[in-house]
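Hydrogens, waters and symmetry mates are skipped; everything else that's a heavy atom, side chains included, is used. Each chain gets a letter, A, B and so on, in the order the sequences are listed, and its residues count up from 1.
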Amino acid sequence: MEKPKLLLIDGNSLAFRAFYALINQVDRFVNHDGLHTNALVGFNNLLDGIVDPFEPDKALVAWDAGKTTFRTNAYDNYKGNRDKTPQELVEQFEPMREMVRLHGITNYELPDYEADDIIGTMAKAGVAAGYNVTIVTGDRDMRQLVADNITVWITKKGISEIDKYTPNEVSDVYGGLTPDQVVEVKGLQGDPSDNYPGVPGIGEKTAIKLIQEYNTIPELYAQIDDMKASKRKENLIQYQDDAFLSRDLARIRTDAPVTIQLEDLIYQGIQYQDLIPFYQHLDFKQQLVKLANQGYTIAGARESVQEKQVLNVVPLTANNLAHVELLTDDVDFYLELDGDNYHRAAIVGFVLGNQKQGYLASRDLELLTQATPVRKVLENKAVKKNVFNAKETFVALHRYNVNLVGVDFDLLLVSYLLNVNDNSNDLGTVAHEHNYFDVQSDDEVYGKGAKFAILENDTDFFEHLGRKVQAIGALKAPLTQKLVEHEQTDLYTEIELPLTFVLAQMEMTGITVNAERLLGMQSKLTERLSELEQTIHQQAGHEFNIQSPKQLGVILFEEMGLKPLKKTKTGYSTSVEVLEQMTDVPIVASILQYRQLAKILSTYVDGLLRVIHGSDSKVHTRYLQTLTQTGRLSSVDPNLQNIPVRVEEGRQIRAAFEPEQKGWSLLSADYSQIELRVLAHITDDEIMRQAFINDEDIHAATARRIFGLDPDAVVDGNLRRQAKAVNFGIVYGISDFGLAKNIGTDRKTAKNIIETYLLEYSGVKSWTEKIVLDAREKGYVETLSHRRRYLPDIKAKSFNARSFAERTAMNTPIQGSAADIIKIAMIKMQKALDQQNLKSKMLLQVHDELIFEVPEEELELMHQLVPEVMDSAVKLTVPLKVETHEGKTWYDAK
DNA sequence: GCTATCACG
DNA sequence: ACGTACGTGATAGCC
């Protein structure tokens with residue numbers, strides 16, 4: 001019969017390991033009460049990953065009882081050089097013991113003894129009683145306890161991996177010594193971390209060699225007279241007492257006066273019902289998700305979803321279609337697609353209903369697209385619809401000729417507004433963020449990457465759809481309430497929700513791209529690149545992959561002997577920044593040219609050609625409305641917000657963007673200096689406000705101020721350029737280092753410039769100070785429209801993390817308010833186009849710029865209307881300014 | 001899947 | 001002494 005298993009865990013050493021493994025992120029692991037949880041996370045992983053699968057018969061977690069032990073009594077300095085245990089860890093000890101209890105394991109500590117001694121003693125008792133003993137620890141010295149029936153597991157890499165030691169492995173690492181001899185080695189070697197000395201000049205290598213020869217420290221000293229004379233011999237003799245003392249300190253006791261018996265250590269297994277509220281207290285979302293997936297009920301969630309939801313979902317068929325007609329109030333609706341890009345993906349299922357009347361699910365698209373009650377509900381404005389991702393739902397339905405109206409609640413959008421950090425696009429993940437666990441993520445249900453597959457079994461598929469749509473319904477009330485608490489109801493109902501349909505319209509309209517023109521560029525660029533490639537290979541003396549930074553680094557900095565000015569994590573940096581400082585070398589100039597053209601070809605020419613829809617010769621981007629931390633949009637598939645403009649060769653890409661119809665034009669309208677105007681407004685800086693009120697050249701005005709020129713002096717280009725960089729710096733949350741790098745000066749000069757700036761613009765100065773204090777106090781910053789960004793790192797210990805949060809505190813209200821403004825303008829603009837029945841269409845948004853296609857007869861009107869709408873979007877204490885340009889292509893609209 | 005690079009505001 | 005400008009997305013190379 002197999003022996004019973006006894007598991008002994010070194011709580012103290014593992015707690016320290018777990019804490020320091022995530023020390024960099026200590027401020028990111030904080031629960032809703034401010035309790036740090038980084039060590040708890042690590043410890044929990046250890047219990048889950050190692051202990052629970054191990055299924056011991058008996059288990060114990062041993063802890064140090066206090067500072068003084070028999071070792072400190074024997075040797076004053078024992079562990080005397082240890083820093084005080086950080087408060088962030090101390091506060092985790094008690095919850096950690098609770099965690100151990102809830103995993104069904106006994107905690108134990110013993111005055112005057114360390115955790116090691118408890119383990120040593122119990123290990124010996126276990127062996128005597130016929131157990132196989134396993135010890136888990138972070139302390140390598142515990143290997144002295146290894147024996148035939150005692151295995152020691154030592155964590156490495158923090159606590160994620162373990163090494164297992166039996167007598168064989170100990171022998172391997174200790175050059176053939178036995179576990180007993182570990183203390184002999186330690187005695188000679190000493191231990192700086194425990195602050196005991198050993199013999200000077202003897203490290204681990206020498207200690208092992210000596211013990212191999214003499215077996216033990218007493219035997220060594222018995223024969224020391226025969227040792228041939230050396231400095232080492234002198235040291236051994238002089239520090240004999242230290243050697244014996246250290247050996248004694250290193251030896252783990254196996255006879256500690258423990259007051260527990262093996263019978264007290266019966267492993268109880270995980271106490272799920274109590275572990276769930278405990279995880280909720282710690283905000284261990286992932287653990288809760290795991291438990292929910294195992295079928296445990298996560299009830300009593302902190303926020304507001306109290307009751308376990310009972311799922312009532314049945315297949316929708318021609319026979320029960322009439323049930324849908326009973327849905328006249330709030331309807332929860334969810335549409336499943338087989339891919340991310342809703343301009344192409346197919347609808348593979350849908351589900352609708354409400355908690356009270358139950359849900360109906362189907363894959364039969366006829367029930368959705370024909371003149372059915374389902375369609376009637378979706379197209380009836382009077383029936384409020386609750387969805388997840390209204391834009392996706394609207395666009396996909398539109399492709400099937402269903403016109404979704406009356407959307408009231410968009411779970412994705414609301415969740416994003418409540419906390420921009422939770423920017424997952426997955427319904428399950430979003431629900432988990434709000435402590436709703438009766439639904440799984442799509443990754444879990446459908447698999448991810450290549451393994452993605454919509455469920456084939458109707459029962460399973462409809463259950464997942466049912467759980468999703470039910471989550472939407474369940475979260476509506478609590479999250480809507482939270483919007484009210486955040487004063488974000490207007491932001492949602494007046495800005496983000498209406499905007500989502502404006503964006504949907506823009507995306508569906510798309511923009512025409514002239515593929516022939518791109519193909520022409522493709523062949524020209526390909527040719528030029530192949531010439532450049534030959535030149536570069538000649539200049540290098542042999543062929544290599546120019547696009548490989550690694551190979552390029554070898555050529556430049558090893559073969560050609562250029563001086564590396566900067567390095568990356570993995571090697572030499574070959575970025576523009578670096579290469580531009582060595583353009584006198586011919587190959588460098590060629591490489592820069594090559595890089596530029598290769599980028600244009602691969603990302604823009606080839607990239608755009610790949611995404612032109614065959615049906616209409618257009619590209620249809622998707623604007624991500626719930627991604628950025630500031631409230632800006634982002635654009636994907638393709639990204640139309642980073643089409644080249646600064647360099648002529650790249651700018652030519654814009655010539656491929658055309659109006660859909662012949663004779664029409666593209667019109668672009670951009671806000672001039674919107675972020676600085678927002679800055680002037682929110683800081684209420686009188687000087688800056690006057691500059692904008694007087695419509696001055698803001699960078700020139702700044703230059704006059706910071707360089708002490710006369711108010712009407714002409715500003716030369718260089719000073720204006722520097723002033724512009726300073727203005728940008730202010731918007732980004734300035735640092736002397738960043739500014740110095742940007743304008744190519746030293747840090748001290750940059751520092752002076754910043755000081756002068758803040759002296760001149762005293763309103764800006766007081767605002768930057770206030771906003772950081774504000775962030776520290778509230779934990780978040782806000783834009784003009786109450787868009788909120790939490791900044792947990794604002795109190796971080798790490799200078800780096802804290803500084804970043806401080807810069808963010810300054811930048812987000814500026815960048816985010818500018819984003820608010822253009823969003824409002826877009827809604828008003830779409831309304832104006834609709835109301836005036838104009839043919840012109842709004843096509844693109846590029847952060848501070850809107851692009852329209854306009855028929856000839858509306859050009860004049862649009863040049864007037866667009867700026868009018870944009871600059872009156874909000875009322876600031878400075879004017880907003882909008883400039884328009886038109887042309888036959890986007891390139892020409894400059 | 002990560003890193004380096006480079007395109008935009 | 002620390003080591004930094006803010007916000008994004010796409011591509012290629014490489015493990």
J.: What pairs with A/Lys741 under side-chain contact (heavy atoms from CB on, under 4.5 Å), at least two apart in sequence or on another chain?
T.: A/Glu577, A/Phe737
J.: Tell me which nucleotide among B/dG9, C/dA5, B/dA7 gets nearest to the side chain of A/Pro644.
T.: B/dA7
J.: Please report the distance, rounded to the nearest Å, between CG in A/Asn800 and P in C/dC2.
T.: 12 Å
J.: Return the value, rounded to whole Å, for the distance between atom CD1 of A/Ile591 and atom C1' of B/dT5.
T.: 14 Å
J.: Stems involving DNA chain C: give each as a range paired with a range, ordered by first number, where a stem means at least three consecutive Watson-Crick or G-U wobble pairs under 3.5 Å.
T.: B:1-9 with C:6-14
J.: Which part of the nucleic acid, if any, lies within reach of A/Asp848 when heavy atoms closer than 4.0 Å are counted: base, sugar-phosphate only, or nothing?
T.: sugar-phosphate
J.: For A/Gln286, does the CD atom sit with more than 12 other heavy atoms under 6.0 Å from it, leaving out its own atoms?
T.: no
J.: Nearest whole Å is fine: how far is C/dG9 P from A/Gln845 CD?
T.: 13 Å
J.: Would you say A/Ser575 reaches B/dA4's phosphate, i.e. side-chain N/O to OP1/OP2 under 4.0 Å?
T.: no
J.: Is the phosphate of C/dC6 approached by A/Thr630 (side-chain N or O, under 4.0 Å from OP1 or OP2)?
T.: no
J.: Expressed in angstrom and rounded to an integer, what is the separation of A/Tyr572 atom OH from B/dT5 atom C1'?
T.: 19 Å
J.: Decide yes or no, distance alone: a donor-acceptor N/O pair under 3.5 angstrom between the base of B/dC8 and the side-chain of A/Gln641.
T.: no
J.: Expressed in whole Å, how much space separates the C1' atoms belonging to C/dA5 and B/dC2?
T.: 25 Å
J.: Given C/dC6, B/dC6, C/dT4, identify the nucleotide with an atom nearest to the side chain of A/Phe737.
T.: C/dT4
J.: Report the distance from atom CD1 of A/Ile600 to atom CD of A/Glu649, rounding to the nearest 0.5 Å.
T.: 5.5 Å
J.: What contact category does A/Ser798 fall into here, base, sugar-phosphate, or nothing, at under 4.0 angstrom with non-hydrogen atoms?
T.: nothing
J.: Indicate, with a heavy-atom threshold strictly under 4.0 Å, whether A/Val846 touches base, sugar-phosphate, or nothing.
T.: sugar-phosphate
J.: By the 4.0 Å heavy-atom rule, please label A/Ala809 as base, sugar-phosphate, or nothing.
T.: nothing
J.: Using a cut-off of less than 4.0 Å, is there contact between a side-chain N or O of A/Arg789 and OP1 or OP2 of C/dG7?
T.: yes
J.: So do A/Leu880 and A/Val874 actually touch side chain to side chain, heavy atoms under 4.5 Å?
T.: yes
J.: Restricting to ring pair (Phe, Tyr, Trp, His ring centres under 6.0 Å), what partner residues turn up for A/Phe707, sequence neighbours left out?
T.: none
J.: Would one find a side-chain N or O of A/Thr568 under 4.0 angstrom from OP1 or OP2 of B/dT3?
T.: no
J.: Whether A/Arg622 engages the ring of A/Tyr342 as a cation-pi pair (distance to the six-membered ring centre under 6.0 angstrom, angle to the ring normal within 45°) should be assessed.
T.: yes
J.: For B/dC6 versus C/dC2, give the span between their P atoms, rounded off to a whole number of Å.
T.: 28 Å
J.: Within the pair A/Arg632 and C/dT8, is there a side-chain N or O less than 4.0 Å away from OP1 or OP2?
T.: no
J.: Within less than 4.0 Å of OP1 or OP2 of B/dA7, is there a side-chain N or O belonging to A/Arg646?
T.: no
J.: Nucleotide by nucleotide, 5' to 3', does protein get under 4.0 Å of the base (B), only the sugar-phosphate (S), or neither (-) in nucleotides 10-15 of chain C, counting heavy atoms?
T.: BSSSSS
J.: Could you state the CD-C1' distance from A/Glu806 to C/dC2, rounded to the nearest angstrom?
T.: 14 Å
J.: Would a line drawn from the ring center of A/His542 to the ring center of A/His537 be shorter than 6.0 Å?
T.: no
J.: Compare the minimum distances between each of C/dG9, C/dG3, C/dC6 and the side chain of A/Ser634, then state the nucleotide with the smallest one.
T.: C/dG9
J.: Counting heavy atoms from C-beta on, name the nucleotide in C/dG9, B/dT3, C/dA5 closest to the side chain of A/Phe728.
T.: C/dA5
J.: Give me each pair satisfying ring-ring contact (aromatic ring centres under 6.0 Å, His included) with a member in residues 745-773 of chain A, each pair once, sequence neighbours excluded.
T.: A/Tyr757-A/Tyr761
J.: Do the rings of A/Tyr572 and A/Phe557 sit parallel, tilted or perpendicular, given the 30° and 60° boundaries?
T.: tilted
J.: Does a side-chain N or O of A/Thr574 approach OP1 or OP2 of B/dT5 to a distance below 4.0 Å, or not?
T.: yes
J.: Grab the CG-C1' distance between A/Leu627 and C/dC6 for me, whole Å please.
T.: 15 Å
J.: Looking for any heavy atom pair under 4.0 Å, which part of the strands does A/Gln629 touch: base, sugar-phosphate only, or nothing?
T.: sugar-phosphate
J.: Can you name the side chain to side chain donor-acceptor pair (under 3.5 Å) partners of A/Tyr594, sequence neighbours left out?
T.: none
J.: Without decimals, in angstroms, what is the distance between A/Ile653 CD1 and C/dG9 C1'?
T.: 16 Å
J.: Quick check for you: among C/dC2, C/dT4, C/dG7, whose closest atom lies nearest to any side-chain atom of A/Asp736?
T.: C/dT4
J.: Report which part of the nucleic acid A/Leu633 touches: base, sugar-phosphate, or nothing (heavy-atom distance under 4.0 Å, all strands).
T.: nothing
J.: Side chains of A/Asn425 and A/Thr626: closer than 4.5 Å at any heavy-atom pair?
T.: yes
J.: To the side chain of A/Val645, which of C/dT8, B/dC8, C/dA5 is closest?
T.: B/dC8
J.: Please tell me if A/Arg807 has a side-chain N or O lying less than 4.0 Å from either OP1 or OP2 of C/dT4.
T.: no
J.: Name the closest nucleotide to the A/Tyr732 side chain, picking from C/dC6, C/dG7, B/dA4.
T.: C/dC6
J.: Separation of A/Glu577 atom CD from B/dT5 atom P, in whole Å?
T.: 10 Å
J.: Measure the CG-CG distance between A/Asp442 and A/Asp426 for me, rounded to the nearest 0.5 Å.
T.: 4.5 Å
